[in-house]
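Heads up, the thing below is written out as structure tokens.
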Amino acid sequence: MNDQELANLASEIAKKAYAPYSNFRVGAALITDSGNIYTGCNIENVSYPATVCAEDVAVVKAISEGETKIDILAVSCIDAIDEPIFPCGISRQRMAEFGVEDVIVVYKGDFKKYKFDEVLPFDNKIKFKD
Ligand code: THU
């Protein structure tokens, strides 16, 4: 699966999000070193801290199926947002644990690919690249 297809898959799975509180439907799709693909969407809760991010759902699905290494993860929000969504701190920490090397961020029908090292110390100043 190429980058465009992974980006498309992240957007497709976002349609399954349960996000009645934020109305931010987010999807994630990842590829492991064994070539398998896993997806996830955000699942919110009336108790907001119980919300699970799309990236986390995808990682949990992969690892619980016996995967140990994730190569690349794409994330996409399909609702109108002013800025692209980058994985939150907890998701980044979870992704780091399993060796994610590249992150694809989908925004307004376009996508950009980042090295995980660029995203990990993300300080809210990183820019959506040209
Ligand atoms: N969200 C994700 O699923 N992934 C991210 O990287 C950022 C935020 C979700 C959590 C919540 O359901 C909604 O987006 C708004 O923060």
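Along the sequence shown, residues carry numbers from 1. Because the structure is a prediction, the values reported are computed rather than measured.
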All heavy atoms of V119 vs all of V103, minimum pair found to be CG2-CB, 4.2 Å
Going from CG on D110 to CD on Q4, what distance comes out if it is rounded to the nearest 0.5 angstrom? 8.5 Å
Heavy-atom pair with the smallest gap, counting every atom of A14 and G27: CB-N, 3.4 Å
Among residues two or more places apart or on two chains, list those pairs meeting ring-ring contact (aromatic ring centres under 6.0 Å, His included) that have a residue in residues 89-108. Y107-F128
Joint hydrophobic cluster, I13 plus F86, side-chain heavy atoms closer than 4.5 Å: no
Are the side chains of I81 and K108 in touch, meaning some heavy atoms are under 4.5 Å apart? no
Verify same cluster id: I85, V105 (apolar side-chain graph, 4.5 Å): yes
Kindly compute the distance separating OH (Y18) from CZ (R25), expressed to the nearest 0.5 Å. 14.0 Å
Sole candidate of E67, E65, K61 that passes side chain to side chain donor-acceptor pair (under 3.5 Å) when paired with Y38: E67
Heavy atoms from other residues, nucleotides or ligands near NZ of K112 exceed 12 (cutoff 6.0 Å): yes
If we ignore angles and hydrogens, is there a donor and acceptor under 3.5 Å between the side chains of N45 and T51? no
Here the gap from E97 atom CD to I70 atom CD1, rounded to the nearest 0.5 Å, amounts to 10.5 Å
Carboxylate-amine/guanidinium contact E101 K69, below 4.0 Å: yes
Ignoring hydrogens, what is the shortest heavy-atom contact between T32 and L30? Give both atom names and the distance. CG2-CD1, 3.8 Å
Nearest heavy-atom pair of A10 and A74: which atoms, and what distance? CB-O, 3.7 Å
Kindly give the heavy-atom pair with the smallest separation between R92 and F116, and that separation in Å. O-CZ, 3.3 Å
Do the side chains of P87 and C53 get nearer than 4.5 Å, heavy atoms only? no
Among the clusters formed by ILVMFWY side chains lying less than 4.5 Å apart, do V52 and I63 turn up in the same one? no
Rounded to the nearest 0.5 Å, what's the gap from CD1 on I78 to CD on E12? Could you check? 8.0 Å
State yes or no: do I37 and V106 share one hydrophobic cluster built from I, L, V, M, F, W and Y residues joined by side-chain heavy-atom distances below 4.5 Å, directly or via other members? yes
In this structure, would L6 and V26 fall into the same cluster of hydrophobic residues linked by side-chain contacts under 4.5 Å? no
When rounded to the nearest 0.5 angstrom, what distance separates CD1 in I104 from OH in Y114? 11.0 Å
Among S11, P84, C41, the one residue meeting side-chain contact (heavy atoms from CB on, under 4.5 Å) with S76: S11
Distance in Å, E55 CD paired with M95 CE, rounded so as to fall on 0.5 Å steps: 6.5 Å
Any side-chain heavy atom of T39 sitting closer than 4.5 Å to one from L9? yes
Between V100 and D71, does the side chain to side chain contact (heavy atoms under 4.5 Å, CB included) criterion hold? Intermediate values first, please. CA-CA 5 Å; V100 174; D71 289 343; over 6 Å; no
